[in-house]
Amino acid sequence: MLDPKLLRSESERVAANLARRGFTLDLAALADLEARRKAVQMRTDALRSERNARSKAIGMAKGRGEDVAPLMAEVDQLGRDLAAAEAEFGPIQAEVDAFALQLPNLLHDSVPEGADETANVEVRRVGTPGTFDFEPKDHVAIGEGLGGLDFETAGKISGSRFVVLKGPLARLHRALAQFMLDLHTTEHGYTEAYVPYMVSRETLTGTGQLPKFEQDLFKLSGERELFLIPTAEVPVTNFARDAILEGDALPMRLVAHTPCFRSEAGAAGKDTRGLIRQHQFDKVELVNLVKPEESYAALETMASHAGAVLEKLGLPYRVLALCSGDIGFGSAKTYDLEVWLPGQDKYREISSCSNCESFQARRMQARFRNAAGKPELLHTLNGSGVAVGRALVAVLENYQQADGSVMVPAALRPYMGGLERLVATVAQRA
RNA sequence: GGAGAGGUGGCAGAGUGGUCGAAUGUACCUGACUCGAAAUCAGGCGUGGGCUUACGCCCACCGUGGGUUCGAAUCCCACCCUCUCCGCCA
């Protein structure tokens, strides 16, 4: 949510910023709404003020043992006027709130201009794609050769966009998550968190998935309204909802490994082959809660934490600054990390690191006590560190051998019982 | 799942219809005393919103949402959450 005062006082400037995203701020509607809100609110407040004063007078008169019938007659019409004013004000306030909740975040000045992903700006490349003296296969073909990558069984039990992993591949998937958690907790200063996978509407409104993107979520049908999390960012960032943290509690760095559930509405026909786009996937998520003046330094650091995962796994990648037209709803600035996939002969997203500034914090009233002792909105950042399923894809494709086997990256071997190479076995082919 | 208790300010904890946004304690800030500190004394000290050049004034908020009433922290209804006991269970 944007600062309502800024929205009112500098609506032209806000509109210009949002226009960079391709979002049109309806200034006329905003001005009209504000004018109505202001008039009705002032009238309602004045009526309430008078009601309060009169009621207080009745109380005092009663205390003195006087007859209060005349006073109560005076206040009779006032009650009806107030009820009418409140009936008018409620819907207007709801309209103001709804208007505010559907506005995306303001972009940071450094965000490159552009309409879509083709205008994203490459910031750096790390590592060099390996060369193969054979035609590299994609992860689906590699997995089929190894056994243990089973879309057919997943289709039978759940439908499309699900996968079953078995044997060494399942273990490699687990090893990747364990490795990432250990790296972030022991070397990057994160505190590990285990969190609920089902969350309330309020929680999803706090991080910005609701009310606008309900069609992307899986909603449960129980008597309580709950949604499956699309990312651990949602439960973890909401740790700070309705809280005033002491200044020395910041920066707070949290990491969580969770499954993520996405309906992928609107992605029909996109990445239908393989593990790239699933309804359920695992991710290790980094969340930073920081003081405002530290948030852009924290964004750089967090992107480097995600990058460190790929570097230790020996996976080549590049970092993109997302352009104004491609950046997410709640983000002021986003870096995507794209890992090299030789089977697709291109870089594919494996991490997204965003600084949401106070956008989420304002929605969830996440604050800290500043140097002056006053509550102030903190800044929230989140980033994948990294997507586990896609990391599995990257390992399979980058470490494939001519004979169909796959070398295990050195960093993962301790998590694989020392195993150095995945080879096809008869049992797993069956 | 059954029975009961309870959700009030940073914390503790009063308050069952009327000058209650809320006693008191504690924490914190300022001042006095002191060489300094402690103790003591005095004052200050919630959040959000609106109006105003300003001083300041007004509104809302006692888990959440409704209701009753001239007036609700207080009464009624629903829901959420916490705790205790029983049952069940990983």
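Letters A, B, ... mirror the listed sequences (proteins, then strands); counts begin at 1.
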Practice prompt. Report the residues that fulfil ring-ring contact (aromatic ring centres under 6.0 Å, His included) with A:Tyr296, sequence neighbours left out, ordered by chain and then residue number.
Written response: A:His108

Discussion item. Determine whether a donor-acceptor pair (N or O, by modelled atom type, separation under 3.5 Å) exists between the side chain of A:Ser263 and the backbone of A:Gln215.
Written reply: yes

Name the atoms and distances for all side-chain donor-acceptor pairs under 3.5 Å in residues 57-65 of chain A, with sequence neighbours left out.
{"from": "A:Arg64", "atom 1": "NE", "to": "A:Glu66", "atom 2": "OE2", "distance (Å)": "2.8"}

Worksheet item: Any side-chain N or O of A:Asn52 under 4.0 Å from OP1/OP2 of B:G18?
Response: no

List, with names and distances, any nitrogen or oxygen atoms from the protein found under 3.5 Å away from nitrogen or oxygen atoms belonging to nucleotides 75-83 of chain B.
{"from": "B:C81", "atom 1": "OP1", "to": "A:Arg224", "atom 2": "NH1", "distance (Å)": "3.1"}

Please write out the pairs of protein N or O atoms and N or O atoms of nucleotides 61-70 of chain B separated by less than 3.5 Å, giving the distance to one decimal.
{"from": "B:C70", "atom 1": "O2'", "to": "A:Ser55", "atom 2": "OG", "distance (Å)": "3.1"}

Worksheet item: Residues two or more places apart in sequence or in another chain: which of them pass side chain to side chain contact (heavy atoms under 4.5 Å, CB included) with A:Thr191?
Response: A:Leu254

Worksheet item: How far, in whole Å, is B:U69 from B:C76 if one measures between their P atoms?
Response: 16 Å

Practice prompt. Go through the structure and list residues passing salt bridge (charged side-chain N to carboxylate O under 4.0 Å, His left out) with A:Arg262, not counting sequence neighbours.
Written response: none

Does anything in [range] pair up under salt bridge (Lys or Arg N to Asp or Glu O under 4.0 Å), and if so which pairs, sequence neighbours excluded?
range: residues 230-241 of chain A; answer: A:Glu202-A:Arg241
range: residues 83-92 of chain A; answer: A:Arg43-A:Glu88, A:Arg48-A:Glu86
range: residues 182-193 of chain A; answer: A:Glu187-A:Lys312

Fill in: Secondary-structure stems, RNA chain B, at least 3 Watson-Crick or G-U base pairs under 3.5 Å
B:1-7 with B:80-86, B:10-12 with B:24-26, B:28-32 with B:40-44, B:46-51 with B:56-61, B:63-67 with B:75-79

Item to complete: Just grab all the side chain to side chain donor-acceptor pair (under 3.5 Å) pairs involving residues 148-159 of chain A, residues at least two apart or on different chains.
Response: A:Asp150-A:Thr153, A:Asp150-A:Lys166

Worksheet, complete the sentence: Its contact letters, B for base, S for sugar-phosphate only and - for none at protein heavy atoms under 4.0 Å, make nucleotides 43-56 of chain B read ----SSBSS-----

